**Q** 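One structure is given below, represented as structure tokens, and several questions about it will come after.
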Number of protein chains: 2
Amino acid sequence: MKKISQKTIERGVFYIRTLEALLKDGQTLISSNQLANITGFSDAQIRKDISSFGKVGRPGIGYSTAELRNILQDFVLKNEVVHVALFGVGSLGAAILKYPGFHKDGIKLVAAFDKMKNKVGATINGVKVYDPKRAVDVIKKTHADIGVIAVPKEHSQEVADIIVLSGLRGIVNFSPISIAVPKNVMVKNIDLRVEFFSLFCNMQYNCGI
Amino acid sequence: MKKISQKTIERGVFYIRTLEALLKDGQTLISSNQLANITGFSDAQIRKDISSFGKVGRPGIGYSTAELRNILQDFVLKNEVVHVALFGVGSLGAAILKYPGFHKDGIKLVAAFDKMKNKVGATINGVKVYDPKRAVDVIKKTHADIGVIAVPKEHSQEVADIIVLSGLRGIVNFSPISIAVPKNVMVKNIDLRVEFFSLFCNMQYNCGI
DNA sequence: AAAACATTGTTAATTATTTCACGAATTATG
DNA sequence: CATAATTCGTGAAATAATTAACAATGTTTT
Ligand SMILES: NC(=O)c1ccc[n+]([C@@H]2O[C@H](COP(=O)([O-])OP(=O)(O)OC[C@H]3O[C@@H](n4cnc5c(N)ncnc54)[C@H](O)[C@@H]3O)[C@@H](O)[C@H]2O)c1
Ligand SMILES: NC(=O)c1ccc[n+]([C@@H]2O[C@H](COP(=O)([O-])OP(=O)(O)OC[C@H]3O[C@@H](n4cnc5c(N)ncnc54)[C@H](O)[C@@H]3O)[C@@H](O)[C@H]2O)c1
């Protein structure tokens, strides 16, 4: 079987959310061209991406919205649910905990950790907040897959170390600092400052000159 | 002058934050190799990126941390501050408003908007919350550069339309739905579900098989 | 001051990604 | 039924991005 690139996978997940919106509207068929108009990717790109998952569409017709969604979802999730452990129940962490959108589809927050004594023991939206000292244990017991870092940057590396020690192989890092991890651990950095700056710069640079 | 790619710009912003951390630690020199170890990009990549901004380093020595930071920062920001207007003061929006990290460096939240009457009129962290009906006016008056969408997805398109109408050319969209905008408007989508799923999938797929 | 070492900037080679273009499949229409 | 109109899947062509390699330059050591 062909190797499926990281980029194809990322776009694939993006297609899933679009297909779900279409399904909700009752649209049973979708062409690569329509999907292109909605998502902003090119139709050729979309066809090529989809083709790496098999022959899903019908020439002259398009793709069955539901079938395509299922095939992509199956590949990405294999009928599983992604279990997430959150570090740092501050304003960002609390927003993530409170967000009801995850629960519906494939993402389950299984545990939260915070250093502050007055936060430990609380249950937010069904998720218990633990002392980070118990993290290794709790993460193993709750079968977490991914760790989220939402602590102040001074503590990010220490949290990253705990996450790695617990055996997790994926981290989403919201703190504005690079963390060092073994190279079999994947890290996704989400840094709003980086997003704002690079967007601003690209706006000026690409449109202006 | 050479065209600088979007990717180079994105990495450039990433380098800036690393250089700032190094400066704080009193490190006055940095080599592409060290920067590579910290950021995870290759040293060749880093040298190539930096070279598009001019001859900054000294062979045999490395880069002056401060000088490199300044050159990158100048290019990205041109001594300006990015002015941001936020739509939706819910849990995510409030986290962004309360975050003190932006104010320090180059990002200024200039206005917030929320539909709920009881939120309008409040001032959070020095930023006033307005009725979205006044958005076009307020955005012009406050010289916003970028709009942030942090409203429920059902309202995202209507907010996007307001942002475009106000003359902004950059949008950061946190809602899990694609928005339609004229093609001279740049959109950055930040969708946590996409991040979690694609990370999960890449973890399994790249390490497993 | 020569030899050994470190590190940049840059060109060339390599690899990855996107776009193009068209045959094949399918439906609709006159 | 033949012709027009869609639309997929895909190999080939074109672009873009990354990595490798190394000459040039500067430092340190002996
Ligand atoms: N809020 C935002 O909009 C925003 C934007 C960009 C980046 N960030 C980054 O996200 C991170 C969190 O931001 P925030 O605004 O939620 O901060 P916050 O200060 O509101 O919350 C941080 C929480 O982490 C907890 N914590 C500290 N050390 C810990 C440890 N070792 N283990 C577990 N918990 C620990 C603290 O007790 C606190 O509750 C920061 O790194 C920040 O720079 C936030
Ligand atoms: N909280 C999270 O962790 C998280 C994670 C992923 C995605 N998101 C997305 O981010 C967005 C915001 O999430 P949230 O958790 O803050 O939601 P929220 O419900 O807490 O807040 C949404 C806010 O938007 C306001 N609003 C609604 N329509 C508006 C309009 N037309 N103009 C201005 N304001 C309007 C509401 O009054 C409310 O205050 C949603 O689209 C959500 O799907 C949130």
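Source: prediction; values computed, not measured.
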**Q** Under a 4.0 Å heavy-atom cut-off, which of residues 10-25 of chain B touch DNA chain D?
**A**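 When residues 10-25 of chain B is checked for heavy atoms under 4.0 Å from DNA chain D, the hits, listed by number, are B/R11.
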**Q** May I have the distance from B/L29 (atom CG) to C/dT7 (atom C1'), rounded to whole angstrom?
**A**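 Between C1' of C/dT7 and CG of B/L29: 11 Å.
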**Q** Rounded to whole Å, please give me the gap between CD1 in B/I50 and P in C/dT7.
**A**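 The answer, rounded to whole Å, is 14 Å.
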**Q** In whole angstrom, give the distance that lies between atom CD1 of A/I46 and atom C1' of C/dT18.
**A**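 Atom-to-atom, A/I46 to C/dT18, this comes out as 13 Å.
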**Q** Please list all pairs passing the salt bridge (charged side-chain N to carboxylate O under 4.0 Å, His left out) test where one or both residues lie in residues 53-70 of chain B, with sequence neighbours left out.
**A**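 Every pair satisfying salt bridge (charged side-chain N to carboxylate O under 4.0 Å, His left out) with a residue in residues 53-70 of chain B: B/E20-B/R69.
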**Q** May I ask you to test the A/T8-A/F53 pair for a side-chain heavy-atom distance under 4.5 Å?
**A**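 They are in side-chain contact.
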**Q** So, is B/Y63 near the phosphate of C/dA6, with a side-chain N or O under 4.0 Å from OP1 or OP2?
**A**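 No, no such contact exists.
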**Q** Using the test side-chain hydrogen bond (donor to acceptor under 3.5 Å, both in side chains), find all partners of B/Y15 that sit at least two apart in sequence or belong to another chain.
**A**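 Residues passing side-chain hydrogen bond (donor to acceptor under 3.5 Å, both in side chains) with B/Y15: B/D49.
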**Q** Classify the ring geometry between A/Y130 and A/F113 as parallel (under 30°), tilted (30 to 60°) or perpendicular (over 60°).
**A**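 Taking A/F113 first and then A/Y130, their aromatic rings sit tilted (interplane angle of 30° to 60°).
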**Q** Tell me whether the count of non-hydrogen atoms from other residues, nucleotides or ligands lying under 6.0 Å of NZ in B/K188 goes above 12.
**A**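 Yes, the 6.0 Å shell around NZ holds more than 12 heavy atoms from other groups.
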**Q** For residues 136-164 of chain B, pull every pair meeting salt bridge (charged side-chain N to carboxylate O under 4.0 Å, His left out), keeping only residues two or more places apart or in separate chains.
**A**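 Residue pairs with at least one partner in residues 136-164 of chain B: B/K115-B/E158.
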**Q** Write down the distance between CG (A/D43) and P (D/dT6), rounded to a whole number of angstrom.
**A**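 In whole Å, D/dT6 P lies 14 Å from A/D43 CG.
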**Q** Report for the helix from C/dA1-D/dT30 to C/dG30-D/dC1: angle between first-end and last-end helix axes, five pairs each, rounded to 10 degrees.
**A**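 Axis-to-axis angle, ends of the helix: 0°.
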**Q** Test the B/K104-B/F102 pair against the cation-pi criterion, namely NZ or CZ under 6.0 angstrom from the six-membered ring centroid and within 45° of the ring axis.
**A**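 Output no; distance or angle outside limits.
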**Q** Figure out the NZ/C1' separation between B/K3 and D/dT15, and round it to whole Å.
**A**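 It works out to 12 Å between those atoms.
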**Q** With side chains defined as the heavy atoms from C-beta onward, is the minimum distance between A/Y63 and A/S32 less than 4.5 Å?
**A**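 Yes, their side chains come closer than 4.5 Å.
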**Q** Should A/P182 and A/V164 count as side-chain neighbours, where that means a heavy-atom distance under 4.5 Å?
**A**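 Yes; the side chains approach each other to less than 4.5 Å.
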**Q** Heavy atoms under 4.0 Å is the rule here; annotate nucleotides 19-30 of chain C 5' to 3' with B where the base is hit, S where only the sugar-phosphate is, and - elsewhere.
**A** BBB---BSS---
**Q** Does some side-chain heavy atom of A/V148 sit less than 4.5 Å from a side-chain heavy atom of A/F174?
**A**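 With C-beta onward as the side chain, the pair touches.
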**Q** Roughly how many Å is it from NZ in B/K55 to P in D/dG26, rounded to a whole number?
**A**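 Answer to the nearest Å: 11 Å.
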